[in-house]
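All values below were derived from every heavy atom in this structure, side-chain atoms included, with hydrogens, water molecules and symmetry-related copies excluded. Sequence lines set the chain letters: A, B, ... in the order given, protein chains first and strands last, and positions in each chain run from 1.
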There are 2 protein chains.
Amino acid sequence: MVTIYEIAKELNISPATVSRALNNKPNVSKSTKKAVISIAEKLHYVPNSLASSLRNGRGKTIGIIVPQINHQFFSSIIHGAEKTLISKDYNLLICQSNESFVKEVQSINSLLSSRVDGILISHSKETTTPEHLTNIIKAGIPLVQFDRVFPNIGTSYVTNDNYNSSYHSVVHLLEQGYTRIAHLHGPITSKVHQDRKKGYEQAILNAGIEIFKDHILEGITEETGYNAAKELMSLKNPPDAFFCASDYSALGVLNYALENNLKVPKDIGIVGFANEPFTRLTRPKITTLDQFSENIGIEAATILLNELEDKESTIRRTYSLVPSLTLRESSMRLDANK
Amino acid sequence: MVTIYEIAKELNISPATVSRALNNKPNVSKSTKKAVISIAEKLHYVPNSLASSLRNGRGKTIGIIVPQINHQFFSSIIHGAEKTLISKDYNLLICQSNESFVKEVQSINSLLSSRVDGILISHSKETTTPEHLTNIIKAGIPLVQFDRVFPNIGTSYVTNDNYNSSYHSVVHLLEQGYTRIAHLHGPITSKVHQDRKKGYEQAILNAGIEIFKDHILEGITEETGYNAAKELMSLKNPPDAFFCASDYSALGVLNYALENNLKVPKDIGIVGFANEPFTRLTRPKITTLDQFSENIGIEAATILLNELEDKESTIRRTYSLVPSLTLRESSMRLDANK
DNA sequence: TTGTAAGCGTTATCAC
DNA sequence: GTGATAACGCTTACAA
């Protein structure tokens with residue numbers, strides 16, 4: 001591999017000057033600059049970023065850790081973050097935890113080893129405590145959490161406003177005349193799903209309706225959604241609508257309804273969560289909450305860049321993006337009755 | 001940041017011994033090894049991989065460049081590659097070209113700068129010539145292309161067998177009794193789409209049917225698929241089936257059919273390509289070709305690891321995975337007629 | 001089994 | 001405007 005020494009030898013100048021020329025420093029004559037660049041190209045010189053990062057103590061690199069890269073939600077976040085960072089000349093190092101706590105810790109270590117300037121993280125499902133993050137914080141590396149976060153560890157974070165968006169979804173169902181609204185929630189160990197459930201409950205209470213515990217079940221996949229629908233619809237007092245914490249469980253409910261001659265939205269209303277691409281392909285199309293996932297990435301990266309610029313500042317930001325209710329056929333009973 | 005010097009000072013030994021202990025070399029006494037590890041933990045030592053890679057001349061890192069990370073197809077490939085590499089203790093550096101040639105070149109430079117040990121690449125749509133790859137090859141960095149490849153530049157590559165899988169899809173349509181089969185193809189600058197078209201044409205010819213040029217149109221998105229269906233179905237001699245090079249164009253065709261009271265598969269048959277998740281959610285479900293994308297990643301990474309182990313070898317492998325025809329309702333006319 | 005010292009490729013500092 | 005030199009943190013001959 002070609003180094004600046006070879007370039008220097010070729011031109012009979014010192015490596016220091018070559019370095020200055022390549023980095024476009026002011027104190028180099030235009031002629032040497034030109035000569036250096038031309039020789040560098042001729043020799044196919046590729047700078048060694050390991051060496052320069054080592055020397056500089058920083059490599060203009062940010063690390064991001066996500067549970068699964070092959071999830072639209074996370075890959076869009078990565079996309080948003082990368083766009084933002086590239087514009088400020090930062091590179092992005094992407095790690096997956098594969099929903100494993102051990103792998104999450106390994107990823108953190110690997111990023112710290114690479115001496116990244118900052119870290120963006122969304123935790124694995126297995127991650128229940130934030131202690132492993134103290135290594136990052138103690139090392140003085142700015143850290144921004146997103147989506148699945150620990151709120152009280154003194155870092156900035158970006159989340160969806162799961163509470164309010166859930167609240168408004170249920171209000172929407174109430175406005176459409178549904179009165180016995182069931183909720184299929186995700187793993188309640190996660191704050192995300194706690195908030196969605198709370199928003200649901202509050203909307204029900206505010207409408208002066210009593211919360212009917214039997215109408216609240218766990219169901220986050222297509223299969224568990226289907227089974228939950230089956231179970232709930234065979235109750236003496238079956239629900240007339242489902243607010244689902246996941247588009248997949250909403251799909252399960254829809255499939256159950258279609259198979260059992262329940263008209264959607266006439267007999268039952270359905271609202272999902274995430275605006276997965278398939279929700280506009282089902283018939284009827286599924287009403288859902290769009291999370292603007294790319295914006296989560298943009299926002300998290302922007303906050304991180306701010307903290308990078310002003311390392312002394314102890315201001316921590318929490319940013320809550322409100323998912324937008326995307327109205328489609330599965331919940332629009334009033335329209336359907338017209 | 002803690003270095004091995006601090007650990008050495010703490011124990012009154014030399015940094016060299018610390019290094020040996022941390023790297024688990026044989027020529028260190030068990031007691032010092034233990035002591036070093038315990039102090040390292042106490043001080044929250046994190047090895048500097050920049051320094052060790054620089055010193056070693058290799059960092060056990062592979063780079064992968066994909067057009068878009070937020071495409072299920074590519075993120076699954078990444079997933080497969082990572083699984084394979086991790087098992088051999090390699091790290092994966094992920095880059096996106098965002099379908100831009102300039103960004104692809106930048107990504108290559110960035111990976112070369114990071115002194116990766118090898119590179120996996122699938123080209124951007126804008127990439128029409130392989131010259132920019134010579135930098136990699138000249139640098140002696142093993143390179144494996146996948147999916148969108150340049151076959152004749154002396155590197156290993158992994159692709160789908162687009163020709164044969166297309167051929168068999170059309171044979172399937174013929175067996176179902178369709179005789180006027182249209183083809184919606186992708187950008188024909190790409191070998192992927194050339195091969196799919198050739199497979200289609202050969203199957204038609206082998207069946208003793210004349211190729212009807214008006215039945216071949218470009219259409220790769222939902223919208224262009226819809227428009228193509230509209231155009232073709234208003235011909236004097238409309239097709240009775242569509243072999244689409246993309247699930248999205250197949251979806252467009254399906255939507256056109258549903259809106260115009262054409263029964264699928266009775267009036268027209270549809271086959272897509274890629275087994276996108278939505279293809280099993282439409283009604284009727286869409287017959288399509290599953291590409292086993294994760295396997296592409298596994299295969300490409302495995303080949304790369306082989307070349308890494310035996311750098312002298314000049315054997316280049318080309319591996320062609322055959323996408324599997326996933327039969328669903330949209331093309332099963334015989335079943336539907338029963 | 002351990003220590004000494006050189007060097008990986010780069011850049012900042014100081015001198016000229 | 002340019003050159004010499006040291007240093008970033010680590011590893012590995014070579015010596016002891």
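The distance from atom CG of A:L54 to atom C1' of C:dC8 is 9 Å, rounded to the nearest whole Å. Rounded to whole angstrom, the span from the NZ atom of A:K60 across to the P atom of C:dT11 amounts to 14 Å. Note: CG (B:N12) to C1' (C:dT2) measures 13 Å, nearest angstrom. In this structure, the CZ atom of B:R58 is 16 Å from the P atom of D:dC10, given to the nearest Å. Separating the CG atom of A:L50 from the C1' atom of C:dC8 is a distance of 10 Å, rounded to the nearest angstrom. Atoms CG (A:N24) and C1' (C:dT11) sit 15 Å apart, rounded to a whole Å. Computed from coordinates, the A:L11 CG to D:dT2 C1' distance equals 13 Å when rounded to whole Å. Distance, A:M1 CE to C:dT10 C1': 15 Å, rounded to whole Å.
Proximity of B:K25 to the phosphate of C:dT2: no side-chain N or O atom is located under 4.0 Å from OP1 or OP2. The side chain of A:S14 places no N or O atom within less than 4.0 Å of a non-bridging phosphate oxygen (OP1 or OP2) of D:dA4. Here B:Y5 does not reach the OP1 or OP2 of D:dT11: none of its side-chain N or O atoms lies under 4.0 Å away. A close approach under 4.0 Å does occur between a side-chain nitrogen or oxygen of B:S29 and OP1 or OP2 of C:dT2. Proximity of A:S19 to the phosphate of C:dT11: a side-chain N or O atom is located under 4.0 Å from OP1 or OP2. Contact check, B:N48 against D:dC8: no side-chain N or O comes under 4.0 Å of OP1 or OP2.
Of the residues in residues 30-40 of chain A, none has a non-hydrogen atom less than 4.0 angstrom from any atom of DNA chain C.
In this structure, A:N27 reaches the bases: a heavy-atom distance under 4.0 Å links it to at least one base atom across the strands shown. Using a 4.0 Å heavy-atom distance criterion, B:I13 is classed as a sugar-phosphate-only contact.
B:N48 and B:L50 get closest at one heavy-atom pair: OD1-N, 2.9 Å. Of all non-hydrogen atoms in B:P142 and B:G140, the two that sit nearest each other are CD-O, 3.4 Å.
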**Item:** B:T3/B:E6 under side-chain hydrogen bond (donor to acceptor under 3.5 Å, both in side chains): CA gap, chis, key distance, verdict
**Value:** CA-CA 6 Å; B:T3 70; B:E6 269 113 293; 2.8 Å; yes
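Under 4.0 Å is where a charged nitrogen must lie from a carboxylate oxygen, and between A:E126 and A:K103 no such pair does. The existence of a salt bridge linking B:E299 and B:R317 is excluded, since no basic side-chain nitrogen approaches an acidic carboxylate oxygen closer than 4.0 Å.
Listed nucleotides: D:dG9, C:dT10, D:dC10. Nearest to the side chain of B:I4: D:dC10.
The only option from A:L133, A:T155, A:I136 that meets the side-chain contact (heavy atoms from CB on, under 4.5 Å) definition with A:I119 turns out to be A:I136.
Residue order along DNA chain D, read from the 5' end via each residue's closest nucleotide, puts A:R20 first among B:N23 and A:R20.
Using the six-membered ring where Trp is involved, B:H123 and B:F150 have ring planes that are tilted, between 30° and 60° apart.
Contact annotation: side chain of A:R55 to base of C:dT11, donor-acceptor pair present below 3.5 Å. In the interface, the side chain of A:R115 is not paired with the base of D:dG9 through any donor and acceptor atom under 3.5 Å apart.
Side-chain contact check for B:S107 and B:E104: no donor-acceptor pair (N or O, by modelled atom type) lies under 3.5 Å.
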